[in-house]
Amino acid sequence: MRFLLLQGEMVTATQSLSEEMIELFAAEVGAKVRLVDPGEEQEAQLQARFFEEDDEEEDESALVVRPPVVTVMGHVDHGKTLLLDRIRSANVVAGEAGGITQHIGAYQVDVAGQRITFIDTPGHEAFTAMRARGAEVTDIVVLVVAADDGVMPQTVEAINHARAADVPIVVALNKIDRADADPNRVMQQLSEHGLVPEGWGGDTITVEISALQNLGIDDLLEQLLVLAEVLELRANPTGRARGVVLEANLDPGRGPVATVIVERGTLEVGDWVVAGAAWGRVKALLDERGKAVKGAGPSTPVQVLGFSDVPAAGDELRVTPDQGSARTIGEARAQRQRLAGHAATPAPTPGAKLEDLIDQIRRGETATLNLILKADVQGSLEALTESLRRLEREDVKLTFVHRAVGGVTENDVTLAAASNATIIGFNVRPDRRARELAEASDVEIRTYEIIYKVIEDMQAAMVGMLAPETEEVVTGEAEVREIFRVPRVGAVAGCYVRHGALTRGSKVRFLRDGAVIWKGTISSLRRFKDDVREVATGFECGVGLSDFQDLRAGDVIETFEDREVPRT
């Protein structure tokens, strides 16, 4: 009490303290404080008892060089899979039947006596989904770009995802054997996105390869080893192991099986482990070729058998001292998840909101607002970017995590959750699944149709004077299945209501490939020959729009209403 009174905080003996007060006093007396959500207290106590000593600073003398962990990313059909197969098959032991016998989502290759670990993920979505769960596994990203195709939308997304993770990027220019390959044009495109090749005076390692002809792959592996040496990747191979679950499944013959990359220590058969709410004893460890191994050191991928349940991708795996510890921690987590009513996967990191920015400014801190911009056309995207950049001040910085043309997707929401960003959609809309994921992940999506409204909102946020706003609530969504031409009436859309309900007279926007192409009202609504006021989910209906005739099968009709929400 005396300390807090001296800090200007008036408190009494029976008063609950805020998190800031607790941290302030803890810093004064040199105590460690861990703030947990309600219901996590038992789990936090157990983890502090069993894992605290493992998380202390590593002894420098115990650290040894570990293999780099590499993730391969890039656009569809640019040769990622073939490149991974070439690297893998080149390192398969001679005499192995069929070459590659088993694929576990991660594997190690041997290059001149040194090892490299590759993670074979489905793409940048999985890469970022794991990072959103706190799994910082990757050391290096290999960006595959086709020399005959150049930088494509998914290439740009992969660059932004790797940047958000603060991971070095090595560019592999694939398909250089093609007659229409133009490496210089591709390098120019990469330079526009901030990846300037070393040959042009930049710091991005660029290697020309052909996965089909098996050209340049050895050079790529050598460059990865050189970069790993510069990064000085080290870990302690002794003590209780810690790792990350890359993927897991329920095998009919073997039970729950998890692919794990060990981060530190050595995971051995017989160890008691816990990963998320799953716990158990390691019955067997299998390498990428299905061979049983007795132990796995840092950066080594293995399949782990023996879990009580299937852990989630991104869960941290820890070795516990005994069976009781593993069971107690696993069951405490399972109980908390049941009580919270959540799925087995914890929610991603909450996204940043403009209101958070105001609080930071009021506290006198330099605030950074991470933004993901999606627009209907490239021209609008560039104009919006330049307009927002001009709003930067000394105490407020804007960072564009990702900018692209097209509707707001689930992938954008995942990236926003991982990078603590706000999504701004200009003349585009999120689909229903993206909206639901954003709500579950606490990611803010703001949609606009007039550019000065975006600027006004940003300026208002920066000076902390946001006016009362109108919140848009989507009330229904229907898919156009067929178009009917009615004399003296015009086009009528035969629709199937997928979500919510359509109401006659409600405001409506017409979407084609995620972009808004028209706004107006529903002028008529029919079920068979009867005029109706409302059509619920799962029913078909005929929709007449006030003054819009350019209807196509596959378009989406979205109804909405405006509700005023006062600012606090």
Side-chain angles (χ1 to χ4, degrees), residues 374-377 380 405-410 412-413 423-439 445-454 457 468-566:
K374 299 300 290 281
D376 54 344
V377 292
S380 299
V405 171
V408 178
T409 64
E410 290 173 273
D412 297 321
V413 177
I423 299 173
I424 291 180
F426 184 72
N427 269 338
V428 295
R429 300 285 305 168
D431 57 29
R432 181 167 51 84
R433 286 185 298 181
R435 280 199 308 272
E436 288 169 355
L437 181 60
E439 196 174 323
I445 301 177
R446 287 175 169 257
T447 54
Y448 300 90
E449 287 160 17
I450 304 170
I451 196 164
Y452 73 77
K453 287 284 186 189
V454 188
D457 259 20
E469 70 169 3
T470 303
E471 184 183 50
E472 212 172 69
V473 179
V474 176
T475 56
E477 180 181 290
E479 181 186 2
V480 177
R481 295 279 174 90
E482 200 166 346
I483 311 301
F484 304 98
R485 303 285 171 184
V486 181
R488 295 191 300 279
V489 175
V492 173
C495 300
Y496 174 77
V497 183
R498 298 192 303 198
H499 184 68
L502 298 192
T503 309
R504 187 172 65 240
S506 62
K507 292 182 181 178
V508 66
R509 65 169 67 83
F510 219 75
L511 307 178
R512 186 169 293 158
D513 297 327
V516 180
I517 58 172
W518 179 80
K519 282 182 71 177
T521 56
I522 293 178
S523 59
S524 65
L525 192 62
R526 291 197 169 202
R527 282 271 300 152
F528 303 109
K529 293 184 178 181
D530 302 322
D531 271 317
V532 292
R533 198 183 71 82
E534 188 178 278
V535 180
T537 306
F539 290 97
E540 293 180 333
C541 60
V543 176
L545 302 172
S546 49
D547 56 355
F548 186 68
Q549 300 292 308
D550 181 23
L551 306 174
R552 293 185 198 170
D555 288 345
V556 174
I557 293 175
E558 196 178 79
T559 60
F560 63 97
E561 63 184 42
D562 296 325
R563 295 176 191 164
E564 190 166 295
V565 181

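Remember, it's a predicted structure, so these values are computed and weren't measured experimentally. Residue indices begin at 1 and follow the sequence shown.
Ion pairing between a basic and an acidic side chain is recognised when a charged N comes within 4.0 Å of a carboxylate O; Lys507 and Glu472 show no such pairing. Under 4.0 Å is where a charged nitrogen must lie from a carboxylate oxygen, and between Asp550 and Arg512 at least one such pair does. Electrostatic pairing of Glu477 and Arg429 does not count as a salt bridge here, judged by no charged N lying under 4.0 Å from a carboxylate O.
For the atom pair CG (Asp431) and NE2 (His499), the distance works out to 11.5 Å, reported to the nearest 0.5 Å. Expressed to the nearest 0.5 Å, how far CD1 of Ile423 lies from CG of Asp412 amounts to 5.5 Å. The line from CZ of Arg504 to OG of Ser523 is 10.0 Å long, rounded to the nearest 0.5 Å. How far CG of Leu511 is from CG of Asp555: 8.5 Å, rounded to the nearest 0.5 Å. Atom-to-atom distance recorded for Ile557:CD1 and Glu479:CD is 10.5 Å, nearest 0.5 angstrom. Taking NZ from Lys453 and OG1 from Thr447, the interatomic distance works out to 12.5 Å, rounded to the nearest 0.5 Å.
Qualifying side chain to side chain contact (heavy atoms under 4.5 Å, CB included) partners for Ser506, counting only residues two or more places apart in sequence or in other chains: Thr503, Ile522, Thr559.
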>> Please evaluate residues Ile483 and Val492 with respect to the criterion side-chain contact (heavy atoms from CB on, under 4.5 Å), reporting the C-alpha separation (whole Å), side-chain torsions for both, the decisive distance (0.1 Å), and the verdict.
In response: CA-CA 6 Å; Ile483 311 301; Val492 173; over 6 Å; no

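Distance alone, capped at 3.5 Å, places no donor-acceptor pair between the Asp457 side chain and the Val454 backbone. In this structure, Lys374 contributes its side chain and Gly407 its backbone to a donor-acceptor pair below 3.5 Å. Without hydrogens or angle criteria, Thr537 side chain to Arg498 main chain gives no donor-acceptor distance under 3.5 Å.
Among all heavy-atom pairs drawn from Ile424 and Tyr448, the shortest one is CG2-CD1, 4.0 Å. Residues Val473 and Arg563 come closest through the heavy atom pair CG2-NH1, 3.6 Å. Val408 approaches Ala434 most closely through the heavy-atom pair O-CB, 3.7 Å. Shortest non-hydrogen contact noted between Ile445 and Ala438 is CD1-CB, 3.6 Å. Nearest heavy-atom pair, Cys495 versus Val543, reported as atom, atom and distance to 0.1 Å: SG-CG2, 4.0 Å. Arg481 approaches Ala553 most closely through the heavy-atom pair O-CB, 3.7 Å.
Heavy-atom contacts from other residues, nucleotides or ligands closer than 6.0 Å to CZ of Phe539 number 12 or fewer. Within a 6.0 Å radius of CG in Asp513, other residues, nucleotides and ligands contribute 12 heavy atoms or fewer. Within a 6.0 Å radius of CD in Glu439, other residues, nucleotides and ligands contribute 12 heavy atoms or fewer.
A 4.5 Å side-chain heavy-atom check between Asp376 and Val405 finds every atom pair outside the cut-off. At least one side-chain heavy atom of Leu502 sits less than 4.5 Å from a side-chain heavy atom of Cys541.
Listed by first and then second residue, the ring pair (Phe, Tyr, Trp, His ring centres under 6.0 Å) pairs involving residues 503-536 are Phe510-Phe548, Trp518-Phe548 (not counting sequence neighbours). The salt bridge (charged side-chain N to carboxylate O under 4.0 Å, His left out) analysis of residues 516-530, with sequence neighbours excluded, yields the pairs Glu449-Lys519, Arg526-Asp531.
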